[in-house]
Amino acid sequence: MKLRTLALTALLLGVAPCGVSGQTVQATPFSASLPKACWPASLLKGRDTAFKYVPCRSMEVLHPAFRRGLECMLTRQRKGKWQPLVQETKRSQELQSIYYKKRPPVTKVKDVATGFHGYGLAADVISATKGWNDPKFFYWQAQHAEACGLTAGAFWIKFPDAPHVQYAGWGNSPPLWARGLLRQDSLPAIWRTIYPPAQ
């Protein structure tokens, strides 16, 4: 029964091989070792639905190609003696709504499908020592993010988001086709379209 459940959840999150830059990568399967805050919303039942409101900090839920860019950034930061802390990766709609309603506002994204966290293509990274209040840390983080092929929210003119880094291939927002697939819980299909299987 346990093996069957793991197989089903692996299919939900997509384990089909994906390729980028001529390399084959494997979409991360759902792992029972992941904290419940990182589980797909469809698997949270009863009291566990409360975990939809808890930030997921695991890098295992990120698309492997985006994760490589994030790990590149973190490595560069650590070499520069900074202490980055991954604060949030994949995000539920419930948590997105809470952030959207905060005052003063912390995001302009109301629907998780119009941001990048819902796709496993974004992360918020803060200073492990000074938290959200270290402009120098965020400036250098943004430099390293862009050097690693990511988009850095710290450089946005309108509504800068210093801790935020995201996939660079979609510009400022996910395309309509991806939003439709996310609402249908088809994340694996989105990942395979972004990074098609190697030929």
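Index from 1, following the sequence.
Among all heavy-atom pairs drawn from P55 and E88, the shortest one is CB-CD, 3.9 Å. Shortest non-hydrogen contact noted between D134 and S127 is OD2-OG, 4.0 Å. In terms of heavy-atom proximity, Q77 sits nearest to F137 at NE2-CZ, 3.4 Å. For L182 against A113, the heavy-atom pair with the smallest separation is CD2-CA, 3.6 Å. Considering every non-hydrogen atom in both P174 and G115, the closest pair reads CG-O, 3.0 Å. The shortest non-hydrogen separation linking G69 to C148 is O-CB, 3.5 Å.
Side-chain contact between R67 and E60 is present, with at least one heavy-atom pair separated by less than 4.5 Å. Counting heavy atoms from C-beta outward, L95 and V54 have side chains that stay 4.5 Å or more apart. With a 4.5 Å cut-off on side-chain heavy atoms, I190 and W177 count as touching. Contact check for F66 versus I194: no side-chain heavy atoms found under the 4.5 Å cut-off.
M59 and F116 end up in the same hydrophobic cluster when Ile, Leu, Val, Met, Phe, Trp and Tyr side chains are linked at under 4.5 Å. Note: the hydrophobic cluster containing F138 does not contain V125 (ILVMFWY, side chain heavy atoms under 4.5 Å, direct or indirect links). Cluster membership check: W170 shares its hydrophobic cluster with L187, using side-chain heavy-atom separations under 4.5 Å among Ile, Leu, Val, Met, Phe, Trp and Tyr. Y53 and V112 are members of different hydrophobic clusters when ILVMFWY side chains are connected at heavy-atom separations under 4.5 Å. Put simply, V165 and W140 are part of two different groups of oily side chains (I, L, V, M, F, W, Y) that touch within less than 4.5 Å, one to the next.
A side-chain donor from one of Y139 and Q143 sits under 3.5 Å from a side-chain acceptor of the other.
Put simply, the side chain of T114 never gets that close to the backbone of V109: no donor and acceptor are under 3.5 Å apart. Distance alone, capped at 3.5 Å, is enough to place a donor-acceptor pair between the W39 side chain and the L34 backbone. Panel note: side chain S186, backbone A189; no donor-acceptor pair is recorded below 3.5 Å. Side chain of K45 to main chain of S42: a donor-acceptor pair is present (N/O by atom type, distance under 3.5 Å, no hydrogens or angles). Remark: side-chain polar atoms of W191 are paired, donor with acceptor, to backbone N or O of Y119 under 3.5 angstrom. With hydrogens and angles disregarded, a donor-acceptor distance shorter than 3.5 Å links the side chain of T89 to the backbone of C56.
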Can you list the steps and then say if R91 with D124 is a salt bridge (charged side-chain N to carboxylate O under 4.0 Å, His left out)?
CA-CA 11 Å; R91 185 178 296 160; D124 291 334; 3.0 Å; yes
How far apart are the C-alpha atoms of Q93 and S97, what are their side-chain angles, what is the distance that settles it, and do they pass the side chain to side chain donor-acceptor pair (under 3.5 Å) test?
CA-CA 6 Å; Q93 177 59 56; S97 296; 3.1 Å; yes
Steps toward side-chain contact (heavy atoms from CB on, under 4.5 Å) verdict (K108, Y99)
CA-CA 9 Å; K108 287 191 171 186; Y99 293 157; over 6 Å; no
Before giving the answer on side-chain contact (heavy atoms from CB on, under 4.5 Å), spell out for W82 and R76 the whole-Å C-alpha distance, their side-chain angles and the decisive distance to 0.1 Å.
CA-CA 9 Å; W82 298 103; R76 290 172 66 109; over 6 Å; no
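Residues in residues 143-163 take part in these ring pair (Phe, Tyr, Trp, His ring centres under 6.0 Å) pairs, two or more places apart or across chains: W156-H164.
In this structure, the separation between CG on L150 and SG on C72 is 7.5 Å, given to the nearest 0.5 Å. Atom CD of Q166 sits about 9.0 Å away from atom OG of S173, to the nearest 0.5 Å. For the atom pair C38 SG and L44 CG, the distance stands at 10.0 Å (nearest 0.5 Å). Between atom NZ of residue K90 and atom CZ of residue R57 there is a gap of 16.0 Å, rounded to the nearest 0.5 Å. Taking CG of D111 as the reference point, atom CZ of R179 lies at 8.0 Å (rounded to 0.5 Å). Considering CZ of F51 and NZ of K36, their distance stands at 5.5 Å, rounded to 0.5 Å.
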